Amino acid sequence: MAIAATTTSSFIHFHQFSQTSLLSSSSSRIRYRFTSSRWLKKVNYPCHRFACFSSSSRCSITNTDIHVDHVTMDEAEGTSSAVEPECPVPIVKLNSDILKTESLNLLTEATFVDTLLTALPVLSAEEQHALAATPAHPDGLHAFYASCIAANIVEQLWNFAWPSAIALIHPSLLPVAVMGFFTKVAIIVGGPLVGKVMDHAPRVSGYNCLTIIQAIAQLLSAVMIIHAYSVPHNSVSTLLLRPWFAVLVSAGSIERLCGVALGVANERDWVVLLAGVNRPIALAQANAFLNRIDLMSEIVGTSLFGVLLSKFHPVTCLRVAAGLILGLLPVTIVFTLLANKLSTGVLDRHKPPQTCCTTFSEDFAPDTDSIVVKGLEAIKHGWKEYLGQPVLPASLACVLLYFNIVLAPGNLMTAFLTQRGLSPSIVGGFSTMCAFMGVAATFVSSTLVKQFGILKAGAVGLVFQALLLSMAVAVYWCGSIFHQNPLLVFLSLIILSRLGHMSYHVVGAQIIQTGIPSSKANIIGTTEVAVASFAECIMLGVAIIANDPSHFGVLAILSLLSVVGAAWMFCRWLLNPTDEQKVLFAYDPQF
């Protein structure tokens with residue numbers, strides 16, 4: 001049996017050729033003489049010729065020239081035994097019933113084009129807006145929110161509990177400073193490594209594993225601090241050399257590293273999959289809600305442990321915190337599994353299919369490289385991916401904001417206000433108002449995205465923060481900061497600037513989510529956190545050198561310059577978009 005060679009350059013050409021054949025044929029039929037019970041022989045070609053097709057593969061060819069040479073079944077039979085098979089090639093059975101001429105109906109060109117055009121749905125502007133505001137998996141997103149609430153309350157409570165408990169052991173701030181330093185170093189060194197592991201591990205099981213490790217590290221830290229209260233300490237140097245303090249530093253570093261990895265997974269990966277990367281309004285609302293959860297958990301966690309600490313002994317408070325950690329751990333895991341189930345398994349990481357030509361020598365070969373070498377390779381890979389991301393200016397703008405350590409609520413601002421003789425109620429009220437302003441910013445950010453688009457909304461937040469902090473620094477350098485009214489104006493401007501800061505925090509996260517593929521979200525996100533931690537370490541070093549309160553104005557200028565630099569970098573990137581940026585944000589009104 002022979003098949004005549006036929007060449008077609010497009011579907012229309014083939015259609016015209018078929019019509020001509022039908023008109024010239026006496027029977028007006030197309031007959032393909034295949035024996036219905038005959039199977040095509042399996043022809044074994046080298047695996048690289050067919051790229052190891054699997055039996056479930058589907059192909060679609062359009063506008064392609066097809067050349068079918070004169071090939072007979074005898075030739076196929078002769079070649080089948082000449083080459084040994086390297087991978088299975090699917091056997092296709094052609095049923096002649098499908099090819100019966102009585103059931104073959106060809107459309108005319110006009111009918112085909114009309115059908116193709118009318119089959120494409122066109123959404124109105126209102127429908128497109130409603131679709132953009134609807135999450136892809138709303139039920140799974142709600143379960144994800146519940147998991148974040150349980151996890152964040154524990155994390156924020158513990159972040160306030162351990163430094164408070166350690167500070168009551170010894171009046172020196174050195175133990176807390178040492179803990180904070182090693183925590184930052186752990187994030188800088190281990191962040192890219194953990195991010196790489198998270199990008200390749202199954203999402204749900206990897207997330208739950210890190211959650212369990214974080215809880216164990218928190219419980220171990222609580223046990224060490226409780227043990228420290230039973231041991232007398234004559235000086236801070238003897239305290240730092242105790243074995244329990246070494247265990248505490250190690251457990252604290254592991255706990256913070258797990259917390260950073262879980263936070264990156266939540267903000268950069270999971271929320272994108274559940275809300276939908278192509279649904280900007282829904283994603284903006286989801287990001288805003290995550291920030292509200294984080295800020296409200298901070299308020300609730302710190303207030304709860306503060307009340308307990310004011311009424312009970314620190315050991316009792318630590319035991320209550322440990323019980324809360326154990327109680328909410330299964331809640332977090334259950335809601336995480338429920339989020340994956342309600343989203344029809346969208347969080348499951350699909351591994352690339354393996355073919356018969358793939359060698360697994362790398363996976364099963366003995367590990368000859370040391371852990372240090374692999375860690376350095378992971379850090380190098382993380383930096384390479386971070387610097388190669390298409391939205392690098394937006395990420396660098398976020399990192400620059402971490403240089404602002406004095407014109408924001410934090411340890412240095414608290415120390416400055418305390419030395420200025422302000423009452424603790426005013427200092428605590430300043431931190432609380434900054435937190436509530438952050439909550440308000442989560443609502444404002446969604447409105448900005450709807451009004452200006454995601455890119456201009458980020459620029460608005462940065463410029464707003466830079467302007468208000470410039471006014472605050474001007475008030476400080478006027479020399480009247482030592483009076484109560486100018487000081488309150490100074491603090492009020494900083495509080496209002498948090499509105500722009502948190503707005504860009506929400507919008508900038510969405511910009512980075514849009515520009516980074518989910519397969520690289522964790523390693524790029526953890527590397528960004530490592531860079532931000534490095535920025536904080538630099539500014540803390542400057543603050544240690546300029547530790548006199550009279551140098552606060554210099555630190556304030558450095559913090560202002562970092563915010564202005566972030567706004568300038570982002571606006572410059574916005575005004576000079578690249579082709580890749582236009583493709584990523586094609587839905588944005590900016591383009």
Side-chain angles (χ1 to χ4, degrees), residues 131-155 191-215 257-294 297 328-354 385 389 506 509-529:
L131 181 63
T134 304
H137 305 280
D139 295 335
L141 193 61
H142 293 156
F144 173 65
Y145 289 154
S147 174
C148 290
I149 290 174
N152 281 20
I153 288 179
V154 170
E155 184 173 351
L193 180 61
V194 176
K196 184 177 181 180
V197 173
M198 289 290 289
D199 276 332
H200 291 83
R203 282 189 178 90
V204 178
S205 58
Y207 186 92
N208 288 334
C209 182
L210 281 182
T211 302
I212 295 173
I213 294 175
Q214 184 185 26
L257 190 59
C258 292
V260 168
L262 292 173
V264 170
N266 287 338
E267 298 177 2
R268 301 292 173 83
D269 192 12
W270 286 46
V271 69
V272 179
L273 295 173
L274 294 173
V277 67
N278 57 344
R279 305 189 182 193
I281 299 178
L283 185 56
Q285 293 173 348
N287 288 326
F289 198 83
L290 283 181
N291 281 275
R292 288 176 211 145
I293 291 175
D294 186 59
S297 298
L328 290 181
L329 176 62
V331 176
T332 304
I333 295 176
V334 168
F335 276 109
T336 300
L337 297 174
L338 184 62
N340 185 46
K341 182 179 180 180
L342 293 178
S343 61
T344 63
V346 71
L347 298 176
D348 292 331
R349 188 182 301 279
H350 300 286
K351 296 182 178 180
Q354 300 291 345
E385 294 291 347
Q389 61 175 314
V506 176
Q510 184 175 351
I511 294 173
I512 298 173
Q513 289 165 350
T514 305
I516 298 177
S518 60
S519 60
K520 301 178 181 179
N522 289 288
I523 187 171
I524 293 178
T526 50
T527 303
E528 179 185 321
V529 175

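Treat the numbers as computed from the prediction; the structure is a model and nothing was measured.
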To the nearest 0.5 Å, how far apart are OG1 in T211 and CD in E155?
10.0 Å

Considering all heavy atoms, the nearest I523-P192 contact:
CG1-O, 3.8 Å

Exercise: identify the closest heavy-atom pair between L342 and A143
CD1-CB, 4.2 Å

Test item: F335 and F144 side chains (from C-beta on) under 4.5 Å apart, heavy atoms:
no

Heavy-atom check, side chain of D269 versus side chain of V264, under 4.5 Å:
no

If every non-hydrogen atom of A282 is compared with every non-hydrogen atom of P135, which pair is closest and at what distance?
CB-N, 3.7 Å

Can you confirm whether E267 sits close enough to I512 that some side-chain heavy atom of one is under 4.5 Å from a side-chain heavy atom of the other?
no

Polar side-chain atom of T526 near backbone of G191 as donor-acceptor pair, under 3.5 Å
yes

Residue pairs, two or more places apart or on separate chains, that pass side chain to side chain donor-acceptor pair (under 3.5 Å) and touch residues 142-154
S147-T336

If you round to the nearest 0.5 Å, how far is OG of S297 from CD1 of I153?
5.0 Å

Counting only N and O atoms by type, is there a donor-acceptor contact under 3.5 Å from the side chain of D199 to the main-chain atoms of N522?
yes

Pairing residues for E528 by the salt bridge (charged side-chain N to carboxylate O under 4.0 Å, His left out) criterion, not counting sequence neighbours:
R268

Residue pairs meeting salt bridge (charged side-chain N to carboxylate O under 4.0 Å, His left out), one or both in residues 331-340, sequence neighbours left out, come to none

With a 4.5 Å cut-off on side-chain heavy atoms, are L337 and N208 touching?
yes

Interatomic distance, CD1@I149 vs CG@L328, rounded to 0.5 Å, equals 11.0 Å

Step by step, would you call L274 with V346 a side-chain contact (heavy atoms from CB on, under 4.5 Å)?
CA-CA 8 Å; L274 294 173; V346 71; 3.9 Å; yes

Considering non-hydrogen atoms only, spot the tightest contact between A339 and G140 and give its length.
CB-O, 3.5 Å

Before giving the answer on side-chain contact (heavy atoms from CB on, under 4.5 Å), spell out for T332 and V154 the whole-Å C-alpha distance, their side-chain angles and the decisive distance to 0.1 Å.
CA-CA 10 Å; T332 304; V154 170; over 6 Å; no

Spatial distance of atom CG (N287) from atom CG (N291) [nearest 0.5 Å]
7.0 Å

Minimum heavy-atom separation for M198 to A265, with atom names?
CE-CB, 4.0 Å

Could you check whether any side-chain heavy atom of Q513 comes within less than 4.5 Å of a side-chain heavy atom of V271, counting everything from C-beta outward?
yes

Taking the side chain as every heavy atom from C-beta outward, state whether L273 and R203 have any atom pair closer than 4.5 Å.
yes

Would you say F289 and L141 make side-chain contact, with heavy atoms under 4.5 Å?
no

Does any pair with a residue in residues 330-344 pass salt bridge (charged side-chain N to carboxylate O under 4.0 Å, His left out), and if so which ones, sequence neighbours excluded?
none

Any L290 side-chain heavy atom under 4.5 Å of C148 side chain:
yes

Partner residues of A215 under the side-chain contact (heavy atoms from CB on, under 4.5 Å) criterion, sequence neighbours left out:
I325, L329

Sequence neighbours excluded, the answer for side-chain hydrogen bond (donor to acceptor under 3.5 Å, both in side chains) partners of E385 is K520

Between N340 and S343 the two heavy atoms that sit nearest each other are O-OG, 3.1 Å

